[in-house]
Student: 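Can you read through this structure? Questions will come right after.
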Amino acid sequence: MRSKIPSFIMIPSFLSIIIFMFYVFFISYNHISYLVHPITIFFFIITTILLYILESINNLIFRRKLRFISEKERKKIFEENEGNYFYRLYRFIFYDYKKISYDEVTKIDHGFDGIIELDNQLPMWWVHLFYLTIVFSAIYFFSYLLIDYSNPYKEYDIAYKNQLKNIEIFEKNTPQVTIENARFKESLINSGKVIFEENCATCHQSDGSGNIGPNLTDDYWINTKEKDLFKNIFYVIWNGSDNNPTMRAFGKSGEIKGNDIEKISSYVYFINQKYKKPLKSKVPQGMKMPEWSKI
Ligand code: HEC
């Protein structure tokens with residue numbers, strides 16, 4: 001008969017294993033919030049009570065069994081169960097191994113070289129760690145191959161969907177930029193370029209040098225609705241052109257949102273003011289607006 005593990009260790013350990021299994025189960029079905037659901041908590045409480053009952057039954061059996069063994073064995077068990085549990089555990093893990101004397105150790109005689117190898121017992125903590133790795137690898141193997149938990153593709157899928165949902169919520173809750181608060185931002189140039197290439201490059205070329213639409217990199221402007229160049233660009237993209245419906249009202253019609261127009265405007269402002277001019281571009285159209293270049 002082995003010495004007993006006290007209930008204040010046994011029950012919490014069982015309970016944490018059960019909670020961990022619930023955790024794994026809920027996480028793989030993306031229902032992690034169910035872990036604090038009243039029904040789940042009720043289940044944990046019932047489980048704890050059942051574990052207590054089981055523990056007392058075990059205790060009874062243990063005490064009954066003590067009656068049927070010899071006096072010597074009983075004494076040994078009492079000795080083993082005496083004192084602080086943690087001290088006993090410590091002894092079980094470390095001390096038993098140190099205790100073995102030279103005479104008791106198995107010796108492997110190599111014979112040919114006269115060296116005698118001592119086959120020392122491995123420390124208990126080491127052996128247990130080894131078993132633990134086996135258990136862990138088995139659990140990991142199954143959870144990786146057979147269920148969704150810890151499957152990287154599934155995890156990626158969930159994370160990706162969550163990300164999209166968060167972006168959607170963020171976009172819904174943050175008010176879109178309007179012409180009043182739109183500003184040129186260097187950080188927006190690159191994303192602006194991407195949207196520009198999708199929506200504007202057919203008529204203006206991706207470097208803005210002009211095609212059906214005018215060259216956006218020179219100082220000549222047909223539309224001068226705002227005093228500030230950046231605002232003027234924003235204005236034209238939002239409202240379109242009064243003289244030529246080919247340049248449609250991307251903002252007003254809802255085709256492109258305010259935040260994206262701020263990005264595109266930053267890109268157009270950048271290629272007009274700061275970036276090197278394209279080698280070939282459309283002939284100037286509109287009025288020369290040299291003062292804009294000083295902004
Ligand atoms: C279908 C072709 C077409 C598309 C697509 C288009 N534009 Fe235009 N764009 C034009 C034309 C044509 C004009 C000239 C309008 C005018 O004569 O007033 C123009 C004018 C402009 C102007 C004012 C230039 C000036 O000199 O006044 C800006 C700024 C501009 N476009 C930016 C954009 C941006 C940014 C996009 C993408 C969101 C875009 N355009 C998409 C055809 C287009």
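Count residues from 1 along the sequence. Whatever order the structure lists them in is the order used to number ligands and atoms, beginning at 1.
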Student: Please check whether Asn223 reaches ligand 1 - meaning an N/O of the residue sits under 3.5 Å from an N/O of the ligand, judged on distance alone.
Tutor: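 Yes.
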Student: Output yes if Met247 passes the N/O/S-under-2.8 Å test against atom 8 (Fe) of ligand 1; output no otherwise.
Tutor: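 Of the N, O and S atoms in Met247, at least one lies under 2.8 Å from atom 8 (Fe) of ligand 1, which means yes.
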Student: Which of these, Tyr267, Phe270, Tyr269, sits in a ring pair (Phe, Tyr, Trp, His ring centres under 6.0 Å) with Phe196?
Tutor: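 One option only clears the test, and that one is Tyr267.
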Student: Roughly how far, to the nearest 0.5 Å, is the CD atom of Glu71 from the NZ atom of Lys75?
Tutor: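 Between Lys75 NZ and Glu71 CD, I get 8.0 Å after rounding to 0.5 Å.
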Student: Can you tell me how far OH of Tyr34 sits from CZ of Phe26, rounded to the nearest 0.5 angstrom?
Tutor: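 Phe26 atom CZ to Tyr34 atom OH measures 8.0 Å (nearest 0.5 Å).
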Student: Can you tell whether the side chains of Lys154 and Asp157 come within less than 4.0 Å, N to carboxylate O?
Tutor: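 Salt bridge: no.
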Student: Pull out every atom of ligand 1 sitting under 4.0 Å from any heavy atom of Ile264, numbered as shown with elements.
Tutor: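 Going through ligand 1 atom by atom, the ones under 4.0 Å from Ile264 are 35 (C).
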Student: Which part of Thr246 is near ligand 1, with near meaning a heavy atom under 4.0 Å away: side chain, backbone, both or neither?
Tutor: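 Near ligand 1, Thr246 shows its backbone as well as its side chain.
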Student: Check this for me, if you would: do Asp218 and Lys288 make a salt bridge, where the nitrogen-to-carboxylate-oxygen distance has to be below 4.0 angstrom?
Tutor: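 No, Asp218 and Lys288 are not salt-bridged.
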Student: So which protein heavy atom does atom 16 (C) of ligand 1 come closest to, and at what separation?
Tutor: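 It is Ser241 OG, 3.3 Å.
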Student: Salt-bridged, Glu168 to Lys165, with N to O below 4.0 Å?
Tutor: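 No.
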Student: Of all the atoms in ligand 1, which lie at a distance below 4.0 Å from a heavy atom belonging to Gly213?
Tutor: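 That gives atoms 10 (C), 11 (C), 12 (C), 42 (C) of ligand 1.
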Student: Considering Ile233, Asn244, Val268 one by one, which has a heavy atom nearer to atom 12 (C) of ligand 1 than any of the others?
Tutor: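 It is Asn244 that holds the nearest heavy atom.
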Student: Got a sec, which residues hit ring-ring contact (aromatic ring centres under 6.0 Å, His included) with Phe250, two or more places apart in sequence or on another chain?
Tutor: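 With neighbours one apart ignored, the set is empty.
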Student: Please state which part of Ile222 comes within less than 4.0 Å of ligand 1, counting heavy atoms only: side chain, backbone, both or neither.
Tutor: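 Both parts.
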Student: Which of the numbered atoms in ligand 1 are under 4.0 angstrom from any heavy atom belonging to Ile237?
Tutor: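 Listed by number with element: 35 (C).
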Student: Could you tell me whether Lys107 atom NZ has more than 12 heavy atoms of other residues or ligands within 6.0 Å of it?
Tutor: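 Counting other residues, nucleotides and ligands, NZ of Lys107 exceeds 12 neighbours.
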Student: For atom 22 (C) of ligand 1, what is the closest protein heavy atom, and at what distance to 0.1 Å?
Tutor: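 Answer for atom 22 (C) of ligand 1: Val236 CG1, 3.6 Å.
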Student: Minimum distance, heavy atoms only, to atom 24 (C) of ligand 1: which one of Pro284, Cys203, Pro214 is it?
Tutor: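 It is Pro214 that holds the nearest heavy atom.
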Student: Just checking Phe22 against Phe44, ring centres under 6.0 Å apart?
Tutor: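 So the answer is yes for these two rings.
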Student: Provide, to 0.1 Å, the distance between atom 36 (C) of ligand 1 and the closest protein heavy atom, together with that atom's residue and name.
Tutor: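 Nearest neighbour among protein heavy atoms for atom 36 (C) of ligand 1, to 0.1 Å: Cys200 SG, 2.7 Å.
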Student: Taking N or O atoms only and a 3.5 Å limit, does Trp221 qualify as a polar contact for ligand 1?
Tutor: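 Between Trp221 and ligand 1 (N or O atoms, distance only) the closest approach is not under 3.5 Å.
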Student: Taking atom CG of Asn181 and atom CD of Gln176, what is their separation to the nearest 0.5 Å?
Tutor: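 Rounded to the nearest 0.5 Å, the CG-CD separation comes to 10.5 Å.
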Student: Please state which protein non-hydrogen atom is closest to atom 5 (C) of ligand 1 and give its distance, to 0.1 Å?
Tutor: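 For atom 5 (C) of ligand 1, the nearest protein heavy atom comes out as Asn199 O, 3.4 Å.
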Student: Classify the contact between Gln285 and ligand 1 as side chain, backbone, both or neither, using a heavy-atom distance cut-off of under 4.0 Å.
Tutor: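 It is neither; nothing of Gln285 touches ligand 1.
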Student: Just which atoms of ligand 1 are under 4.0 Å from any heavy atom in Leu216?
Tutor: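 Heavy-atom distances to Leu216 below 4.0 Å select 22 (C), 24 (C), 28 (C), 29 (C), 30 (C), 32 (C).
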